[in-house]
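What you see is a predicted model; the values in this text were computed from it and never measured. What you see below is based on every heavy atom in this structure, not just the backbone, and it leaves out hydrogens, waters and symmetry mates.
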Amino acid sequence: MKKLLIVLGVLIALALVGAIAVGGSYNGLVNRSQAVDAQWAQVQNVYQRRADLVPNLVATVAGAANFEKSTLTEVTEARASVGRVQVGSGTPNAGQLADFDRAQGQLSSALSRLLVVSENYPSLKATANFQDLQSQLEGTENRISVERERFNVVAQDYNSAIRRFPAVFIAGIFNFKEKAYFTATPGAEKPPQVQFDFSKKEPAKP
């Protein structure tokens with residue numbers, strides 16, 4: 001009887017150790033998953049900040065004489081496309097993230113073109129409102145780059161965790177799935193850089 005109690009005690013101890021290990025692995029995966037979700041919210045915040053700047057920027061630029069209407073239309077349509085991308089709650093899957101990134105990239109290109117075109121309008125560049133919007137846009141682009149990089153870091157940490165032993169078994173049982181990354185594109189890590197030539201004259205008024 002004494003030996004039986006000892007064996008039973010050992011088995012209970014082993015079961016407790018196993019339960020603690022499983023609980024620790026599970027909690028660790030939950031914390032990492034929530035960290036990815038929180039960082040994704042930060043990414044959305046900075047992109048939304050940029051989208052919120054677009055209407056004022058377009059309105060300011062539209063006041064310049066003979067400004068290219070096609071450029072303004074491109075920016076407006078790109079912003080609308082961003083608003084139509086739905087990623088649902090939580091972090092997006094690979095397809096949703098690709099759609100989101102594609103739409104945001106189109107808006108980045110449209111804004112970059114707008115700033116390039118504005119090079120031909122020194123009086124527009126000289127207005128305090130335009131200068132303030134440009135400064136805010138540049139700051140937001142830098143923030144976007146930082147938050148995207150942080151998202152990839154926490155997503156990589158989570159993805160590595162669900163492949164490690166013994167968490168790999170916990171991940172399979174509790175359906176912890178791999179998180180998608182932002183895919184780097186040439187120059188994507190840098191905000192648009194525009195050199196303005198103030199020697200150029202604005203188009204003559206009709």
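- Under a hydrophobic-cluster definition in which Ile, Leu, Val, Met, Phe, Trp and Tyr are linked whenever side-chain heavy atoms come within less than 4.5 Å, directly or via other members, L53 and V117 are assigned to the same cluster.
- Every residue two or more places apart in sequence or in another chain that forms a ring-ring contact (aromatic ring centres under 6.0 Å, His included) with F169 is listed here: F165.
- Residue V46 comes nearest to T140 through the heavy atom pair O-CG2, 3.4 Å, listed as atom of the first residue, atom of the second, then distance.
- Looking at S81 and R84, their side chains do bring a donor and an acceptor atom within 3.5 Å of each other.
- Every pair passing salt bridge (charged side-chain N to carboxylate O under 4.0 Å, His left out) that includes a residue from residues 41-56 is listed here, sequence neighbours excluded: R50-E141.
- Here the closest heavy-atom approach between residue K179 and residue A155 is recorded as CB-CB, 4.2 Å.
- For the residue pair F130 and S118, the shortest heavy atom distance occurs at CZ-OG, 3.7 Å.
- Note on residues 165-174: no pairs pass side-chain hydrogen bond (donor to acceptor under 3.5 Å, both in side chains), not counting sequence neighbours.
- Every residue meeting the side-chain contact (heavy atoms from CB on, under 4.5 Å) condition with R150, not counting sequence neighbours, appears here in chain and number order: Q39, R143, V146, E147.
- Separating the CD1 atom in I144 from the OG atom in S108 is a distance of 6.5 Å, to the nearest 0.5 Å.
- D132 is linked by a salt bridge (charged side-chain N to carboxylate O under 4.0 Å, His left out) to nothing, counting only residues two or more places apart in sequence or in another chain.
- The CG atom of L72 sits 8.0 Å away from the OG atom of S70 when rounded to the nearest 0.5 Å.
- Between N159 and D157 the shortest side-chain heavy-atom distance does not fall below 4.5 Å.
- Counting only N and O atoms by type, the side chains of Q134 and K125 include a donor and acceptor under 3.5 Å apart.
- By the 6.0 Å contact criterion, CD on Q44 is enclosed, its count of non-hydrogen atoms from other residues, nucleotides or ligands being greater than 12.
- Heavy-atom minimum distance, K177 versus Y158: O-OH, 2.8 Å.
- The aromatic rings of Y26 and F176 sit perpendicular, their planes meeting at an angle over 60°, well past the 30° parallel limit.
- A pairwise comparison of heavy atoms in D101 and T183 identifies OD2-O, 4.0 Å as the closest pair.
- Under the side-chain contact (heavy atoms from CB on, under 4.5 Å) criterion, V168 pairs with no residue, sequence neighbours left out.
- With sequence neighbours excluded, the residues forming a salt bridge (charged side-chain N to carboxylate O under 4.0 Å, His left out) with E178 are R163, listed by chain and number.
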Go through L124 and F67 one step at a time and tell me if the side-chain contact (heavy atoms from CB on, under 4.5 Å) criterion holds. CA-CA 10 Å; L124 170 65; F67 197 90; 4.2 Å; yes
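- Residues forming a salt bridge (charged side-chain N to carboxylate O under 4.0 Å, His left out) with R113 (at least two apart in sequence, or on another chain): E68, E74.
- Ring geometry, F182 versus F151: the interplanar angle exceeds 60°, so the pair is classed perpendicular (tilted spans 30 to 60°).
- The CG atom of L115 sits 10.5 Å away from atom OG1 of T71, with the distance rounded to the nearest 0.5 Å.
- Judged as a side-chain contact (heavy atoms from CB on, under 4.5 Å), and not counting sequence neighbours, the contacts of T76 are V58.
- In the hydrophobic clustering of ILVMFWY residues, with side-chain heavy atoms under 4.5 Å counting as a link, V153 and V36 come out apart.
- The main-chain N or O of E138 is found under 3.5 Å from a side-chain atom of N142 such that the two form a donor-acceptor pair.
- The shortest heavy-atom contact between A167 and A161 is CB-O, 3.4 Å.
- Interatomic distance, CG of L29 versus CZ of F174, reported as 10.0 Å (0.5 Å rounding).
- A distance of 10.5 Å separates CZ in R79 from CG in L111, rounded to the nearest 0.5 Å.
- For R102, the salt bridge (charged side-chain N to carboxylate O under 4.0 Å, His left out) partners at least two apart in sequence or on another chain are D99.
- With sequence neighbours excluded, the residues satisfying side-chain contact (heavy atoms from CB on, under 4.5 Å) with N93 are Q96.
- Among residues two or more places apart in sequence or in another chain, the ring-ring contact (aromatic ring centres under 6.0 Å, His included) test is passed with F100 by W40, Y47.
- A salt bridge is defined here as a Lys NZ or Arg NE, NH1 or NH2 lying under 4.0 Å from an Asp or Glu carboxylate O, and R32 with D37 fails to meet this definition.
- Atom CG in N129 sits 4.0 Å away from atom OG1 in T60 (nearest 0.5 Å).
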